[in-house]
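Just so it is clear, the values below take in all heavy atoms, side chains as well, and ignore hydrogens, waters and symmetry mates. Labels below follow one simple rule: chain letters A, B, ... track the order of the sequence lines, proteins then strands, and each chain is numbered from 1.
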2 protein chains.
Amino acid sequence: MNRKCTVFKTARFIGKRWTLLILLELYKGKSRRKRYSELKERLINITPKILSTRLKELEKEGLVEKRITADKFPIKSEYSLTASGRDFISVIRGIKKWALKWDKGSVICENRDCKHCEF
Amino acid sequence: MNRKCTVFKTARFIGKRWTLLILLELYKGKSRRKRYSELKERLINITPKILSTRLKELEKEGLVEKRITADKFPIKSEYSLTASGRDFISVIRGIKKWALKWDKGSVICENRDCKHCEF
DNA sequence: CCGGATCCTCTGCGATACTG
DNA sequence: CAGTATCGCAGAGGATCCGG
C-alpha cells in the first residue's frame with residue numbers, strides 16, 4: 001500500500017475537514033436533495049470555498065451528485081448522495097463503532113453524545 | 001459532529017500519511033513485536049522523524065504499545081498492536097471493502113492488486 | 001443565489017544532520 | 001540503536017472580495 005493505493009487515498013480523503021460532516025448532512029435527508037445554501041447554513045462556520053471544494057471532491061469521487069437548474073433564475077444547484085455515497089455511511093458507522101467500543105465515547109458532538117448521533 | 005468529535009478525529013487520524021502502513025506492518029506479524037529499525041527498514045522511504053511521530057500518536061491513541069529494554073545495551077524498543085489496534089484493522093477492511101465495491105479496485109498497491117493486500 | 005478568485009497563514013511532511 | 005534538531009517547501013484551510 002502506497003500513496004497510489006485506493007485504501008490509502010480513501011483514508012486521506014475522509015480525513016479532510018468537513019468531508020464527513022457534509023456526507024452526514026446529505027444523509028440526514030436520505031435521498032432528498034440539498035441546496036448549496038442549505039448546506040452552508042447547517043454546517044456552522046464552514047467557508048464557501050471549502051464547501052464548494054469538498055463538494056467537487058465528493059462529486060469527482062462519485063459519492064455526491066450535483067444537479068443544476070440553469071434554465072431559469074435564480075440558478076439552483078442541488079446535491080444528493082449517490083449509491084456509493086450512501087453505502088459509505090456504513091464505513092463511517094464502522095469508525096464510530098470502533099470509537100465507541102474503545103472508550104472515546106464520552107466525547108460530545110455539538111452538545112450531543114456520539115451515541116445519539118444519526119450516523 | 002465537530003472537530004472535537006471522536007469519529008471526526010479518528011477519521012483525520014487515519015488520514016495521515018504512513019499511519020495505515022505502520023498499522024499494517026505491525027499487523028503482519030500478528031502480535032509479534034517489531035523493533036523501530038525493523039519498521040524503518042520495511043517502510044520504504046519513511047523518515048525517522050515521521051516514524052517516531054506516528055508511533056507516538058498511535059501510542060497516545062492506544063493502538064500501539066511500546067516496550068523498552070534500557071537496562072542493557074544496545075537499547076531496544078519494540079512495538080506491537082494493542083487489542084484496540086488489532087480491532088481497528090476491521091475498520092480498514094471496511095474501507096477496503098467499500099473501495100473495491102465501488103470501482104477503484106484496479107489501483108495497485110506496490111505492484112499488487114488491492115484484492116491481494118493482507119488487510 | 002451560487003459560487004469563483006485572491007491572498008494569506010499554518011501545518012504536514014520530507015531531507016539532512018546530529019546525539020545519548 | 002533509537003530517536004532529536006533544524007530547515008524549508010507545498011498544500012490545506014480560512015477571510016474577504018468579486019462576478020454571472
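When rounded to the nearest whole Å, the span between CZ of B:Phe13 and P of C:dG12 equals 13 Å. One can place CD1 of B:Ile75 at 12 Å from P of C:dG20, the figure rounded to the nearest angstrom. Between the CZ atom of B:Arg54 and the P atom of C:dC13 there is a distance of 5 Å, given to the nearest Å. Atom pair B:Leu39:CG and D:dC1:P shows a separation of 13 Å (rounding to whole Å applied). Atom pair A:Lys40:NZ and D:dA15:C1' shows a separation of 13 Å (rounding to whole Å applied). Put simply, CD1 on B:Ile22 is 15 Å from P on D:dA2, counting in whole angstrom units. We find that CG of A:Leu51 is positioned 12 Å from P of D:dG14, with the value rounded to whole Å. Computed from coordinates, the B:Ile46 CD1 to C:dC13 P distance equals 10 Å when rounded to whole Å.
The side chain of A:Ser52 places an N or O atom within less than 4.0 Å of a non-bridging phosphate oxygen (OP1 or OP2) of C:dG4. Taking only side-chain nitrogens and oxygens, A:Arg35 never comes nearer than 4.0 Å to OP1 or OP2 of C:dC1. Contact annotation: B:Lys16 side-chain N/O to D:dA12 OP1/OP2 distance is not under 4.0 Å. Distances shorter than 4.0 Å separate some side-chain N or O of A:Arg12 from OP1 or OP2 on C:dC13. Distances shorter than 4.0 Å separate some side-chain N or O of B:Trp18 from OP1 or OP2 on C:dG14. For the pair B:Tyr79 and D:dG3, the criterion of a side-chain N or O lying under 4.0 Å from OP1 or OP2 is met. A close approach under 4.0 Å does not occur between any side-chain nitrogen or oxygen of A:Thr53 and OP1 or OP2 of D:dA12. OP1 and OP2 of C:dC1 both lie 4.0 Å or more from every side-chain N or O belonging to A:Ser37.
Side-chain N or O atoms of A:Lys34 include one that pairs as donor or acceptor with a backbone N or O of A:Glu25 at under 3.5 Å. Remark: side-chain polar atoms of B:Ser84 are paired, donor with acceptor, to backbone N or O of B:Gly62 under 3.5 angstrom.
Among the nucleotides D:dA2, D:dG14, C:dC2, the one closest to any side-chain atom of A:Ile50 is D:dG14. Here the side chain of A:Lys56 is nearest to one of D:dT4, D:dA2, C:dG4, namely C:dG4. Side-chain proximity of B:Arg17 to D:dT4, C:dG14, D:dA12: nearest is C:dG14.
Aromatic ring orientation, A:Trp98 versus B:Phe88: perpendicular (interplanar angle above 60°, classes split at 30° and 60°).
For the pair A:Thr47 and B:Pro48, both in contact range of DNA chain D, the more 5′-proximal nearest nucleotide belongs to B:Pro48. Taking for each of B:Gly15 and A:Tyr36 the nucleotide of DNA chain C with the nearest heavy atom, the 5'-most of the two is the partner of A:Tyr36.
Rounded to the nearest 0.5 Å, atoms CG (B:Leu81) and CG (B:Leu58) are 8.5 Å apart.
Counting heavy atoms from C-beta on, the side chains of A:Ile14 and A:Leu20 come closer than 4.5 Å.
Taking only distance into account, the side chain of B:Lys49 never meets the base of D:dG3 through a donor-acceptor pair shorter than 3.5 Å.
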Where do B:Glu41 and B:Arg35 land on the salt bridge (Lys or Arg N to Asp or Glu O under 4.0 Å) test, with the steps shown first?
CA-CA 10 Å; B:Glu41 186 184 350; B:Arg35 305 276 302 273; over 6 Å; no

